[in-house]
Chemist: 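I'd like to ask you about the structure that follows.
Reminder, nothing fancy here: chain letters follow the sequence lines and each chain counts from 1. As a basis for the values below, the full set of heavy atoms in this structure was taken, side chains included, without hydrogen atoms, waters or symmetry mates.
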There are 2 protein chains.
Amino acid sequence: MAVTSRDVARLAGVSQPTVSRALRDDPRVSEDTKRRVRESAALIGYVPSEAGRALSSGHTRRIGLLVTDLDNQFYAHIIAPVHQELERLGYQLMLHTESVDNETVAERLISNGLDGVILATTTVDSVAPLRLRDRGLPFIYFNRTASFVPADATTAAPTAGFVAAATAVRDLGHTRIGAVLGPSNTSTAQAREIALRAALADCGLRLEQDYVRRGPFNTVSGDEATTSLLNLQRPPTVIFCGNDVVAYGALNAARRGGVIVPDDLSVIGFDNLPAADWPIIELSTIAYDLVGMARAAAGLIVGRIENPGSEVSHVEFETAFIQRGTLAAPMSR
Amino acid sequence: MAVTSRDVARLAGVSQPTVSRALRDDPRVSEDTKRRVRESAALIGYVPSEAGRALSSGHTRRIGLLVTDLDNQFYAHIIAPVHQELERLGYQLMLHTESVDNETVAERLISNGLDGVILATTTVDSVAPLRLRDRGLPFIYFNRTASFVPADATTAAPTAGFVAAATAVRDLGHTRIGAVLGPSNTSTAQAREIALRAALADCGLRLEQDYVRRGPFNTVSGDEATTSLLNLQRPPTVIFCGNDVVAYGALNAARRGGVIVPDDLSVIGFDNLPAADWPIIELSTIAYDLVGMARAAAGLIVGRIENPGSEVSHVEFETAFIQRGTLAAPMSR
DNA sequence: CTTCGTAGTGTATGCGTATGCACAAGCGAA
DNA sequence: TTCGCTTGTGCATACGCATACACTACGAAG
C-alpha cells in the first residue's frame with residue numbers, strides 16, 4: 001500500500017540510500033541525481049515515513065506541549081503562536097493535557113518519541129520534570145520557573161505592571177483592595193502575589209486577609225471567589241485577579257449581583273488576552289508580550305535540543321499596566 | 001541511552017518477543033512471566049518506543065485534527081473534548097492547522113504516520129480529502145459535509161434552531177432582519193443560510209440583500225460587518241450571525257457605536273459556546289451539543305479505522321434556540 | 001504406550017529510513 | 001605513470017518492536 005523509498009529508488013534507477021540522501025538535499029549527491037529522484041518521488045506520490053525516519057535517526061522533530069486544560073482561554077491562546085513558531089523552525093507540535101494522572105502524563109510524554117517538551121502547566125508538584133530529566137528528554141518551563149529541576153524558562157516579570165496598577169489604584173482613591181489569586185502551589189501565582197503586595201505597600205495600601213481569595217486560574221473560580229468577596233459587609237472597591245480569565249469571572253459575578261463595574265467595583269486582570277480589549281469587556285490588565293513569550297518558548301526548546309550543552313536561560317518579559325473601562329474611582333463610600 | 005525491550009528481556013530472563021507480548025497483556029503469556037516482565041520493566045524504567053512500535057505494527061494510535069485557526073474560540077473549544085474522547089479510546093491527538101499552504105498541509109497529515117484524520121476545516125476547496133483518499137488514510141469531516149470526497153461526518157442540523165429563532169424574532173415585532181453569514185465556500189455557512197432563509201420565510205420575514213454581509217467565522221470579521229450594517233440609513237433591528245464568535249464581534253461593534261443591545265439591536269449567534277452564557281455577554285444563540293459532536297467525531301474516526309468496511313455515516317445533531325439578553329423587542333421605529 | 005492437542009516460549013524476520021564504510025571513476029600533481 | 005584526493009554511489013547494517021512460525025513440555029485421549 002504505502003510507497004517507500006525503495007520504490008522511488010527502483011524507478012529512478014538508484015539505490016535506496018541515494019534516495020534518502022537526495023531528498024534531504026545531501027551535498028554529496030549530484031544535482032542531476034537529485035532531480036531524477038525528486039521527479040520519481042513526485043510521480044508515485046512518495047512521502048517519507050515518520051516512523052522509519054524516527055527509528056533510524058533517533059529523533060522525530062516533534063515537540064510536546066503540556067497544558068493544564070484546553071478549555072482555558074489562556075492556553076488556547078498560546079497554542080497558536082507556539083505551533084506557528086515551531087513550524088517555522090521545522091518542528092511539529094504534539095498537544096498533551098493533564099487530564100490523566102501525573103505519572104501517566106509523564107509516561108506519555110516519554111513514550112511518544114518527542115524530541116522535547118514545553119511544560120506549560122503551573123503546578124509545582126508535577127513529576128514530569130523529574131521523569132523527563134531522568135530520561136534525558138529536553139524540556140523547558142513556560143510561564144513558570146523551575147521547582148526542583150532547573151531548566152530553561154519563560155515568564156512575565158510582574159513587578160513593573162503591578163507597580164503601575166497599584167499607583168493608578170491609589171491615585172483613584174481606592175482603599176479597600178481585594179484579590180482573587182491563583183493556586184498557591186504555582187510559581188506564577190506566588191510571584192504575582194509577592195509583586196502585588198510589594199507594589200501595594202509602596203503605595204501605602206494593604207491587602208487585608210479577608211479580601212483575599214485563591215483558586216484555579218479559570219473563569220468559574222473567578223466568578224465564585226468574587227461573589228464571595230461581594231458578599232462581605234464592606235466589599236472591596238477593586239479586585240486584582242490572578243489572570244484575565246479569572247477576571248472575566250469577576251466581571252460575571254459583578255453583573256449577576258447587580259454590581260456596576262467600574263462604579264461599584266473595579267477589576268484588574270493579568271495577561272491582556274485579546275478579549276480584554278473588546279468593547280464589551282474593556283478589562284484593565286497587566287500586559288506583556290504573550291505571543292512573544294510563546295514564540296520564545298518554542299525557540300528555547302529547539303535551542304536546548306540542538307545545542308544541549310548551552311547554559312540554562314530564563315527569558316523574562318516585562319509587564320506594563322493597561323487601564324481600560326473596568327478601572328475607575330470608587331463611587332460608593 | 002534509551003532502555004529497550006531487549007534490556008527488559010535480559011533482566012527478566014526471557015526473550016525480547018516475550019517482553020513485547022507480556023507488556024501488551026497477550027493471553028498466551030503465563031501470568032507468572034507477565035509479572036516478572038512487568039517488574040523488570042518498572043525496575044529499569046522501560047517505556048516502549050512509539051517509533052519502533054509504529055514501524056513494526058504499521059499503526060500509531062495517533063489521530064490528526066486539522067483546524068483552520070487556533071486563535072478561534074470555536075476550535076479551541078472542540079479540541080478538549082476530541083482529545084479527551086480519543087484518550088478514552090486509546091488514541092492520541094496530533095494538532096494541525098492550515099497555517100501553511102494546502103498541499104503542504106496534506107503532505108504533513110500523510111507523513112506523520114497518523115492512523116486517521118478529523119477534518120475540522122470548513123473550506124470546501126481543500127485538497128486534503130483528495131490526498132488522504134488517494135493515500136488510503138481514513139478521515140472524517142467535522143462540522144461540515146462532504147465536498148467531492150464522501151466520508152463520515154458530524155454536523156449540526158440548523159433548521160429547528162432557526163425556525164424557533166425566527167419565530168421569536170417575528171413575535172417580538174422585528175421586521176428589518178440582518179445577517180452576518182460565514183464564507184460562502186463553506187458547507188456550514190451554506191447550510192445555515194438556507195435554513196435561515198427558509199425559517200424566516202415561514203414567518204413571513206425576508207432577508208433583504210442590503211442587510212446581508214459575509215466573512216470569515218471570526219470576531220474581527222463580525223465586528224466589521226456589523227459596523228457596516230449599523231451605518232445603513234435604516235439599520236437592521238436584529239442580526240443573525242454565522243456563529244457565536246462572529247456574534248461577539250457584532251456585540252463589540254454595537255458597543256463601540258453606542259448602539260444599545262438589545263434595545264436598538266438584537267444579536268443572535270450559533271454554537272452556544274460557553275461564553276454565550278456569561279452574564280456579561282448573555283448571547284441568544286442556536287444551541288446544539290457541541291461537546292457531544294466533538295466526541296462523536298472521535299468515535300467516528302476510530303470506528304472508521306478499526307472497522308474500515310463499515311458504511312459511511314453522517315451524524316447530525318439537533319439544534320434549539322436559546323433566548324438570552326441580546327434578543328428583545330426593537331424599541332426604535 | 002503412542003498420538004495429539006495445548007500452553008508457553010524462543011527464533012527468525014520484517015517494517016522504512018539513515019548512516020558508516022567500501023568502492024569506482026575521474027582528475028591533478030609529482 | 002603512479003599516487004593520492006575528490007566526488008558520487010552502493011552495500012551492509014542498525015534502530016526497537018511485533019508477529020509468523022517453530023519448538024518444547026506436558027497432559028489427555030486413544
Side-chain angles (χ1 to χ4, degrees), chain A residues 1-38 40-41 44-62 90 107 110-115 135-137, chain B residues 1-38 40-41 44-62 90 107 110-115 135-137:
Chain A
M1 172 104 268
V3 181
T4 75
S5 58
R6 231 174 291 271
D7 299 328
V8 178
R10 203 170 310 133
L11 185 62
V14 296
S15 71
Q16 176 269 321
T18 298
V19 171
S20 167
R21 287 189 274 251
L23 293 179
R24 279 172 309 121
D25 211 27
D26 190 303
R28 293 174 305 173
V29 177
S30 71
E31 281 307 319
D32 191 52
T33 305
K34 279 183 189 169
R35 195 181 37 69
R36 221 169 55 246
V37 167
R38 275 196 278 260
S40 304
I44 57 178
Y46 168 71
V47 178
S49 146
E50 274 296 325
R53 189 168 271 186
L55 191 56
S56 182
S57 72
H59 51 81
T60 57
R61 300 193 77 80
R62 209 182 291 140
E107 188 169 309
I110 290 169
S111 74
N112 259 290
L114 300 171
D115 282 356
R135 181 74 179 194
L137 186 55
Chain B
M1 171 104 266
V3 181
T4 75
S5 60
R6 230 175 292 269
D7 300 327
V8 178
R10 203 171 309 132
L11 184 61
V14 296
S15 71
Q16 176 268 320
T18 298
V19 172
S20 167
R21 288 189 275 251
L23 293 179
R24 280 174 307 120
D25 210 27
D26 189 305
R28 293 175 305 173
V29 177
S30 72
E31 282 308 321
D32 191 51
T33 305
K34 278 183 189 170
R35 194 180 37 70
R36 221 167 57 246
V37 168
R38 275 196 278 259
S40 306
I44 58 178
Y46 168 71
V47 178
S49 145
E50 273 297 325
R53 190 168 269 186
L55 193 56
S56 181
S57 72
H59 51 79
T60 57
R61 301 193 77 78
R62 208 183 292 140
E107 189 169 310
I110 290 170
S111 74
N112 260 292
L114 300 171
D115 282 356
R135 182 73 180 195
L137 185 55

Chemist: For B/Gly52 and B/Pro17, find the nucleotide of DNA chain D closest to each by heavy atoms; which residue's nucleotide sits nearer the 5' end?
Modeler: B/Gly52
Chemist: Output yes when at least one side-chain N/O atom of B/Arg6 is less than 4.0 Å from OP1 or OP2 of D/dC15, else no.
Modeler: no
Chemist: Under 4.0 Å between a side-chain N/O of B/Thr18 and OP1 or OP2 of C/dT9, yes or no?
Modeler: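 Answer no for this pair, as no side-chain N or O of B/Thr18 is under 4.0 Å from OP1 or OP2.
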Chemist: Are side-chain heavy atoms of A/Arg38 and A/Asp25 found at a separation under 4.5 Å?
Modeler: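 In short, these two side chains touch, coming nearer than 4.5 Å.
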Chemist: It should be established whether B/Arg53 places a side-chain nitrogen or oxygen under 4.0 Å from OP1 or OP2 of nucleotide D/dA18.
Modeler: yes
Chemist: Keeping A/Asp26 on the side-chain end and A/Arg28 on the backbone end, is there a donor-acceptor pair under 3.5 Å?
Modeler: yes
Chemist: Phosphate oxygens OP1/OP2 of D/dC15: is one of them under 4.0 Å from a side-chain N or O of B/Thr4?
Modeler: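 Indeed not, no polar side-chain atom of B/Thr4 lies that close.
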Chemist: Looking at B/Arg53, is its backbone amide N or carbonyl O close enough to the side chain of B/Ser57 to form a donor-acceptor pair, meaning the two atoms are under 3.5 Å apart?
Modeler: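 Yes; at least one donor-acceptor contact below 3.5 Å.
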Chemist: Hey, does B/Ser30 reach any base, or is it just sugar-phosphate, or nothing, if we go heavy atoms under 4.0 Å?
Modeler: sugar-phosphate
Chemist: Report the distance from atom CZ of B/Arg36 to atom P of C/dT9, rounded to the nearest whole Å.
Modeler: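 Nearest whole value for this atom pair: 7 Å.
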Chemist: Quick one: which of D/dT19, C/dG16, D/dC17 gets closest to the side chain of A/Leu55?
Modeler: C/dG16
Chemist: Given D/dC17, is OP1 or OP2 found less than 4.0 Å from the side-chain N or O atoms of B/Ser5?
Modeler: yes
Chemist: Which part of the nucleic acid, if any, lies within contact of A/Val19, taking any heavy atom under 4.0 Å across all strands shown: a base, the sugar-phosphate backbone alone, or nothing?
Modeler: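 No contact.
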Chemist: Is B/Thr33 close enough to C/dT9 that one of its side-chain N or O atoms is under 4.0 Å from OP1 or OP2 there?
Modeler: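 Answer yes for this pair, as a side-chain N or O of B/Thr33 is under 4.0 Å from OP1 or OP2.
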Chemist: Whole-Å distance between C/dT17 P and A/Arg10 CZ?
Modeler: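 After rounding, the reported distance stands at 12 Å.
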Chemist: Verify the contact: side-chain N or O of B/Ser15 to OP1 or OP2 of C/dG10, cut-off strictly under 4.0 Å; return yes or no.
Modeler: yes
Chemist: Between atom CG in A/Asn112 and atom C1' in D/dG16, what is the gap in whole Å?
Modeler: 15 Å
Chemist: Heavy atoms only, 4.0 Å cut-off, all strands: where does B/Ser49 land among base, sugar-phosphate and nothing?
Modeler: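 Here B/Ser49 touches the backbone only, sparing every base.
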Chemist: Among B/Val8, B/Thr4, B/Val3, find the one that has a side-chain contact (heavy atoms from CB on, under 4.5 Å) with B/Arg6.
Modeler: B/Thr4
Chemist: Ignoring hydrogens and angles, state whether a donor on the side chain of B/Ser20 or B/Arg24 is under 3.5 Å from an acceptor on the partner side chain.
Modeler: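 The answer is yes; a qualifying pair exists.
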Chemist: If you assign each of B/Ser57 and B/Glu31 to its closest nucleotide in DNA chain C, which residue comes earlier from the 5' end?
Modeler: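 The 5'-side residue here is B/Glu31.
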Chemist: Whole-Å distance between D/dA18 P and B/Leu23 CG?
Modeler: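 Taking atom P of D/dA18 as the reference, CG of B/Leu23 is at 9 Å.
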Chemist: For A/Arg28 and D/dG8, what is the distance between atoms CZ and P respectively, to the nearest whole Å?
Modeler: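 Spelled out: CZ on A/Arg28 to P on D/dG8 is 11 Å.
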Chemist: When rounded to the nearest 0.5 angstrom, what distance separates CD in B/Glu50 from CZ in B/Arg62?
Modeler: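 One gets 6.0 Å once the value is rounded to the nearest 0.5 Å.
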Chemist: If you assign each of B/Ser20 and A/Lys34 to its closest nucleotide in DNA chain D, which residue comes earlier from the 5' end?
Modeler: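 Here A/Lys34 is the residue nearer the 5' end.
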Chemist: How many whole angstroms separate atom CD of B/Gln16 from atom C1' of C/dA12?
Modeler: 11 Å
Chemist: Could you state the CG-P distance from A/Asp32 to D/dT9, rounded to the nearest angstrom?
Modeler: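 After rounding, the gap between these two atoms is 8 Å.
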Chemist: How many whole angstroms separate atom CZ of A/Arg21 from atom P of C/dA18?
Modeler: 11 Å
Chemist: Between A/Arg24 and C/dA18, is there a side-chain N or O to OP1/OP2 distance below 4.0 Å?
Modeler: yes
